[in-house]
Amino acid sequence: MLPRHNDPIAAIATAPGRGAVGIVRVSGKGIAQLVRALCAKDLKPREATYLPFKDAAGSPIDHGLAIYFPGPHSYTGEDVLELQAHGGPVVLQLLLARCLEAAQATNADGKPVLAGLRLAQPGEFTERAFLNDKIDLAQAEAIADLIDASTEAAARSASRSLSGAFSQEIQVLREALVHLRMLVEATLDFPEEEIDFLKKADAFGQLDRLQAQVATVLGKAHQGALLREGIKVVIAGQPNAGKSSLLNALAGAELAIVTPIAGTTRDKVQQTIQIEGVPLHVIDTAGLRDSDDEVERIGIARAWDEIAAADAVLFLHDLTRVQQADYAAADADIAATLQQRLPAQVPVIHVLNKTDMAEQAHQACTDQLALSARTGDGLDTLRKRLLEVAGWQSAPEGLYLARARHVEALQAVQAHLEMADEQLQAQASHLDLLAEELRLAQLSLNSITGEFSSDDLLGVIFSSFCIGK
């Protein structure tokens, strides 16, 4: 722990703005005197008490509920006081100021009522809960994910992570890994015992089962990361191919201006949509072409910037013009540029638009989709294809939310176990290297739940929380 973790802290715990109820929260060791100073009496633990919240002169700031949670039976594991008042910003600021003022006042011994009380930093209450072993790091992150969830599926999955579903799976992996490490270390440390490690302990079988378990958890984590992060989909193509119409059709709202005039879209228009609970951040961009218009050229440059950062690209083709030589040549140039600029793993979905206006039906190839953004025909097929390229599968029962760092840690575990398998195949002459790979795999697992975490990592994670949480 850092020295600041010993300071008592206070903050407004509810969102900024007006509301029916607002909460001011104080957490620290030994805050009973502050409770008495603010409430003019001792409070029964975990029992709501209705009373006036008075300023230093004795005038009421507001009337509300005060609840005292003595540690360790509290959210942070420390003593916690919650003052629930009316949710006006001024009222809550006055209550917070009163808490800080009362803490600095001296008691009968001439000492401050609660020395060192300060304003909490973002996420510091949850950080205290983690440091005091009330929750692990994955559960702490799930709290922020639950607050930020943009879909019902994401909220339910975050709730499962908060309840410990993800952490329990990591714990099962860790126990199996520790058991295997124990056998390897015993073989290294006590060769005179003649432990027939490779056969009697079923080392090959244990490692195979462990690799299979990691692959299963990694697959779930990939799905959970999709629910949390979603994917960025950029619609690209020549002017008047129907890009803005497709965005409007996917979003179910008139977000982008649609006209027959080429070059109407000058800047990106973005909307997040949901498909089976997965958030897709869809971006409409300016039509790609050579232009002498300075504003349009800036829009086209921004379009290429968005394309370069995309997780998937919808390359839109106008069926009413695909037979025109100049149009086909321009499409070919765009396709070549996409191939040069995009990483190989970023999929490009070719979409043939305006089936309702084409003179004759067009037979789409296997890597193409035909649709009408105006009528909606073919949109369901496009939605399914987007989920496929994102790597989404039908949500399995008990899916939990995960973050990119969790996926990266599990991938590191997987890589170390593969190296361990190579060392194991070489048998006893490489057992020291096998032991090292297993140790590194465990370190990667530990980083998920915070068994081993640097202060820098904690700072990054909790700084993204809101103040008061």
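Quick caveat: nothing in here was measured; it's all calculated off a predicted structure. One is the number of the first residue; the rest follow in order along the sequence.
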Exercise. Should the pair Arg405-Glu141 be classified as a salt bridge under the 4.0 Å nitrogen-to-oxygen rule?
Worked result: yes

Exercise. For Phe315, what residues pass the ring pair (Phe, Tyr, Trp, His ring centres under 6.0 Å) criterion, not counting sequence neighbours?
Worked result: His317, His350

Exercise. Taking the side chain as C-beta and beyond, is there a heavy-atom pair between Leu81 and Ile67 under 4.5 Å?
Worked result: no

Exercise. For Arg156, what residues pass the salt bridge (Lys or Arg N to Asp or Glu O under 4.0 Å) criterion, not counting sequence neighbours?
Worked result: Glu152

Exercise. Taking it one step at a time, do Leu387 and Val278 satisfy side-chain contact (heavy atoms from CB on, under 4.5 Å)?
Worked result: CA-CA 8 Å; Leu387 289 180; Val278 179; 4.1 Å; yes

Seminar exercise, completed: Contacts of Gln84 meeting side chain to side chain donor-acceptor pair (under 3.5 Å) (sequence neighbours excluded), chain-then-number -> none

Exercise. Does Ser159 reach the main-chain N or O of Ala155 with its side chain, forming a donor-acceptor pair under 3.5 Å?
Worked result: no

Problem set entry | Expected output: side-chain Asn353 to main-chain Leu319 donor-acceptor under 3.5 Å | no

Exercise. Would you say the side chain of Leu180 lies within less than 4.5 Å of the side chain of Leu207, judging by non-hydrogen atoms?
Worked result: yes

Exercise. Is Arg4 paired with Glu124 through a side-chain N to carboxylate O contact shorter than 4.0 Å?
Worked result: yes

Exercise. Side chains of Leu445 and Val214: does their closest heavy-atom pair fall under 4.5 Å?
Worked result: no

Problem set entry | Test log, rule salt bridge (charged side-chain N to carboxylate O under 4.0 Å, His left out), inputs Arg403 and Glu229 | CA-CA 8 Å; Arg403 295 190 170 199; Glu229 307 288 348; over 6 Å; no

Seminar exercise, completed: When rounded to the nearest 0.5 Å, the distance separating OG1 of Thr126 from CG of Leu137 is 11.0 Å

For this session: Determine whether Ile12 and Ile23 make a side-chain contact, defined as any pair of heavy atoms from C-beta on separated by less than 4.5 Å.
Result: no

Seminar exercise, completed: For Gln213 and Leu173, the nearest pair of non-hydrogen atoms, with its separation, is CB-CD2, 3.4 Å

For this session: Report yes if some heavy atom in the side chain of Lys220 is under 4.5 Å from a heavy atom in the side chain of Glu169; otherwise report no.
Result: yes

For this session: For Gly277 and Thr151, work out which heavy atoms get closest and say how close.
Result: O-OG1, 3.0 Å

Exercise. Counting only heavy atoms not in Glu175, do more than 12 sit closer than 6.0 Å to its CD atom?
Worked result: yes

Exercise. Between the side chains of Asp377 and Ser372, is a donor N or O closer than 3.5 angstrom to an acceptor N or O?
Worked result: no

Problem set entry | All pairs passing ring pair (Phe, Tyr, Trp, His ring centres under 6.0 Å) where residues 215-248 contributes a residue, at least two apart | none

Problem set entry | Polar side chain donor-acceptor pair, Gln442 to Arg181, under 3.5 angstrom | yes

Exercise. Between atom CZ of Arg385 and atom CG of Leu314, what is the distance when rounded to the nearest 0.5 Å?
Worked result: 10.5 Å

Problem set entry | Ion pair check, Arg228 and Asp145, cut-off under 4.0 Å | yes

Problem set entry | Which atom of Cys99 lies closest to which atom of Leu34, heavy atoms considered | O-CD1, 3.9 Å

Problem set entry | CD-OG distance between Gln223 and Ser157, expressed to the nearest 0.5 angstrom | 10.0 Å

Problem set entry | Closest contact, heavy atoms only, Trp304 versus Thr337 | CH2-CG2, 3.5 Å

For this session: List for me each residue that meets salt bridge (Lys or Arg N to Asp or Glu O under 4.0 Å) alongside Asp79, sequence neighbours excluded, and say none if there are none.
Result: none

Exercise. Between atom CG of Leu379 and atom CG of Leu371, what is the distance when rounded to the nearest 0.5 Å?
Worked result: 6.0 Å

Problem set entry | Between CG on residue Leu83 and CG on residue Leu92, distance to nearest 0.5 Å | 10.0 Å

For this session: Please tell me if the side chains of Gln238 and Leu288 come closer than 4.5 Å, counting only heavy atoms from C-beta onward.
Result: no

For this session: Taking Tyr75 for its side chain and Val80 for its backbone only, find out whether a donor-acceptor pair lies under 3.5 Å.
Result: no

Problem set entry | side-chain contact (heavy atoms from CB on, under 4.5 Å) evaluation trace for Asn446 with Ile448 | CA-CA 5 Å; Asn446 289 346; Ile448 294 175; over 6 Å; no

Exercise. Looking only at heavy atoms, which two atoms of Ser447 and Ala409 are closest? And how far apart?
Worked result: OG-CB, 3.9 Å

Problem set entry | Side chain proximity check, Ile143 to Ile135, heavy atoms < 4.5 angstrom | yes

Exercise. Is there a donor-acceptor pair under 3.5 Å between the side chain of Ser161 and the backbone N or O of Gln139?
Worked result: no

Problem set entry | Residue pairs fulfilling salt bridge (charged side-chain N to carboxylate O under 4.0 Å, His left out) with at least one residue in residues 327-341, sequence neighbours excluded | none

Seminar exercise, completed: Those residues at least two apart in sequence (or on a different chain) that pass side chain to side chain contact (heavy atoms under 4.5 Å, CB included) with Thr272 are Pro279, His281

Identify each donor-acceptor pair in which a side-chain atom of residues 411-421 lies under 3.5 Å from a protein atom, sequence neighbours left out, and give them as a table.
| unit_1 | atom_1 | unit_2 | atom_2 | d |
| --- | --- | --- | --- | --- |
| His416 | ND1 | Glu437 | OE1 | 2.9 |

Exercise. Is there a donor-acceptor pair under 3.5 Å between the side chain of Asp136 and the backbone N or O of Ala138?
Worked result: yes

Exercise. Is the closest basic N to carboxylate O distance between Lys232 and Asp311 below 4.0 Å?
Worked result: no

For this session: Scan for side chain to side chain donor-acceptor pair (under 3.5 Å) pairs involving residues 18-31, sequence neighbours excluded, and state none if there are none.
Result: Arg25-Glu82, Ser27-Thr76, Ser27-Glu78

Problem set entry | Spacing of Ile273 atom CD1 and Leu250 atom CG [to the nearest 0.5 Å] | 4.5 Å

Exercise. Is Asp380 paired with Arg383 through a side-chain N to carboxylate O contact shorter than 4.0 Å?
Worked result: yes

Problem set entry | Polar contact flag, side-chain donor to acceptor under 3.5 angstrom, Gln206-Arg209 | no

Problem set entry | Derivation of the side-chain contact (heavy atoms from CB on, under 4.5 Å) call for Gln423 and Leu433 | CA-CA 7 Å; Gln423 303 304 332; Leu433 297 178; 3.5 Å; yes

For this session: Can you run down the ring pair (Phe, Tyr, Trp, His ring centres under 6.0 Å) pairs that involve residues 144-185, sequence neighbours left out, and say none if there aren't any?
Result: Phe166-Tyr400, Phe166-His406

For this session: Using side chain to side chain contact (heavy atoms under 4.5 Å, CB included) as the criterion, list what pairs up with His73, not counting sequence neighbours.
Result: Arg46

For this session: Just do the side-chain contact (heavy atoms from CB on, under 4.5 Å) check on Ile170 and Leu410 with the steps written out, would you?
Result: CA-CA 10 Å; Ile170 298 302; Leu410 286 167; 4.1 Å; yes

For this session: Could you pull out the closest heavy-atom pair between Val26 and Ile31, with the gap in Å?
Result: O-CD1, 4.2 Å

For this session: Taking the side chain as every heavy atom from C-beta outward, state whether Lys243 and Leu247 have any pair of such atoms under 4.5 Å apart.
Result: no

Problem set entry | Residues forming a side chain to side chain contact (heavy atoms under 4.5 Å, CB included) with Glu294, sequence neighbours excluded | Arg297, Ile298

